[in-house]
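Only one structure is covered here, and it is reproduced in the block below.
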Amino acid sequence: MNVPFVDLKTQYASIKSEILPAIDDVLESARFIMGPQVDRFESEFARYNGTRYCAGVESGTSALKIALEALGIGAGDEVIVPANTYIASALAVSATGAAPVLVDMGDDYLIDAGAIEAAITPRTKALMPVHLYGQVVPMQPILEVARRHGLRVVEDACQSHGARWNGKRAGSIGDAGCFSFYPGKNLGCYGDGGAIVTNDAAVDERVRLLRDFGQMKKYEHAIKGDNSRLDSIQAAVLNVKLQRLDAWNEARLAHARLYDEALAAAGFPVPKRISDEGHVYHLYVTQVDGRDDVRARLSERGVESGIHYPIPIHLQPAYAELASLKGRFPKTEGAAHRLLSLPMFPEMTAAQVEYVVDALRAAVRPMQHA
Ligand SMILES: Cc1ncc(COP(=O)(O)O)c(C=O)c1O
């Protein structure tokens, strides 16, 4: 059996009859930038998330950068970011001119809220909780620290479309929530795409200026903005796929429950699920010794796997200025050699889940006897 890491081809086959006419409508209308498909997506995604506003942008990275800028963050400021995240969280901070300040993860792989306060300096302007792997960071302590220190909260919800905390959707809890629609995401388009949701009219207004050359109206530019708009063909794809998001997330949760049971029985670490509604399993992450050998053996058995992420941000050449922090984030650094992401996509079958766990058991066995 072959089990891919994600299977966008099978998903496309299941929605092709709706996707093609939706794309064709855009082509026939010749409204390629902004227009009705983008308007519809923005209002439906705002409604889905329970926010007053949503603005489409060109990517998740751009969503984070623009949200930070809309909140007034820039050169000389600091933003607190987890050490265990995709580098784009930190790159977006750097792109505003501010500096990312890293905090270690807890046992749930999410930012350790208890370690945030010690990282705050007079320059700190915002906290960026990242709802990693599809699970919302427990937000109460984050909101309390932010309130105590007068900080803004920008949620990186790029891996957690539809996840919930306290009945609220990921992205709707802080000052702004940022999404990526990169193809492999729980809600993905067929290229790059992103969005910013907020309940704050002033933030939304600023975001709309920043994503569109700073234009108040055509050829009148109030500020130095970006060209960062969600394109209409991607919005048309998202309008079809948003209708399926909850069902797809439920399927992911069902697969995760099967994985949990089988991995626990086989003695592998089961990723902590804080609550069922809170987790939409963008990624299903376990840990193994000798991870790279295990991956090679899985691959021989037809099972694709991933690593999220192999090199923490402060150990990346791009962040050489943070290299002296080596050793300061022991949980993130320790896990980086052991993390293993198993195949996870809505269209998976129970037989595939079972096959992956059997293959993992067999891939680890030679190591245990080594
Ligand atoms: C946690 C996180 N933040 C930010 C991003 C950036 O999104 P994009 O690739 O759309 O720029 C991603 C995904 O790539 C992500 O997983």
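In what follows, residues are counted from 1 in the order of the sequence shown. Both counts, for ligands and for their atoms, begin at 1 and track the order of listing.
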Structural part of D156 in contact with ligand 1, heavy atom criterion under 4.0 angstrom | side chain
Would you say the side-chain atoms of R211 pair up with the backbone N or O of G56, donor to acceptor, closer than 3.5 Å?
-> yes
So does D107 pair up with K331, basic N to acidic O under 4.0 Å?
-> yes
With a 4.0 Å cut-off, would you call E69 and K65 a salt bridge?
-> yes
Subset of ligand 1 atoms that lie under 4.0 Å from at least one heavy atom of G60 | 7 (O), 8 (P), 10 (O), 11 (O)
Is T85 in polar range of ligand 1, meaning some N or O pair under 3.5 Å apart?
-> no
What atoms of ligand 1 come within less than 4.0 Å of a heavy atom belonging to T61?
-> 6 (C), 7 (O), 8 (P), 11 (O)
Per atom 12 (C) of ligand 1, closest listed option by heavy atom (K185, H308, K65, Q159) | K185
Does D292 come within less than 4.0 Å of R295, counting only side-chain N to carboxylate O?
-> no
Flag the pair F45 / F181 as yes when at least one side-chain heavy-atom distance between them is below 4.5 Å, and no otherwise.
-> yes
Taking only heavy atoms of V130, which atoms of ligand 1 are found under 4.0 Å from at least one of them?
-> 1 (C)
Pull out every atom of ligand 1 sitting under 4.0 Å from any heavy atom of S89, numbered as shown with elements.
-> 3 (N)
Which atoms of ligand 1 are found less than 4.0 Å from any heavy atom of S59?
-> 10 (O), 11 (O)
May I ask you to list the atoms of ligand 1 that are less than 4.0 angstrom from any heavy atom of A88?
-> 4 (C), 5 (C), 6 (C)
Applying ring-ring contact (aromatic ring centres under 6.0 Å, His included) between H161 and each of F179, Y48, W248, report the one that passes.
-> F179
Is it the side chain, the backbone, both or neither of C158 that has a heavy atom closer than 4.0 Å to ligand 1?
-> side chain
Flag the pair D108 and K272 as a salt bridge only when some basic side-chain nitrogen lies within less than 4.0 angstrom of an acidic carboxylate oxygen.
-> no
Neighbour count above 12 (heavy atom, 6.0 Å) for Y53 OH = yes
Give yes or no for whether the N/O distance cutoff of 3.5 Å, strictly under, is met between S180 and ligand 1.
-> yes
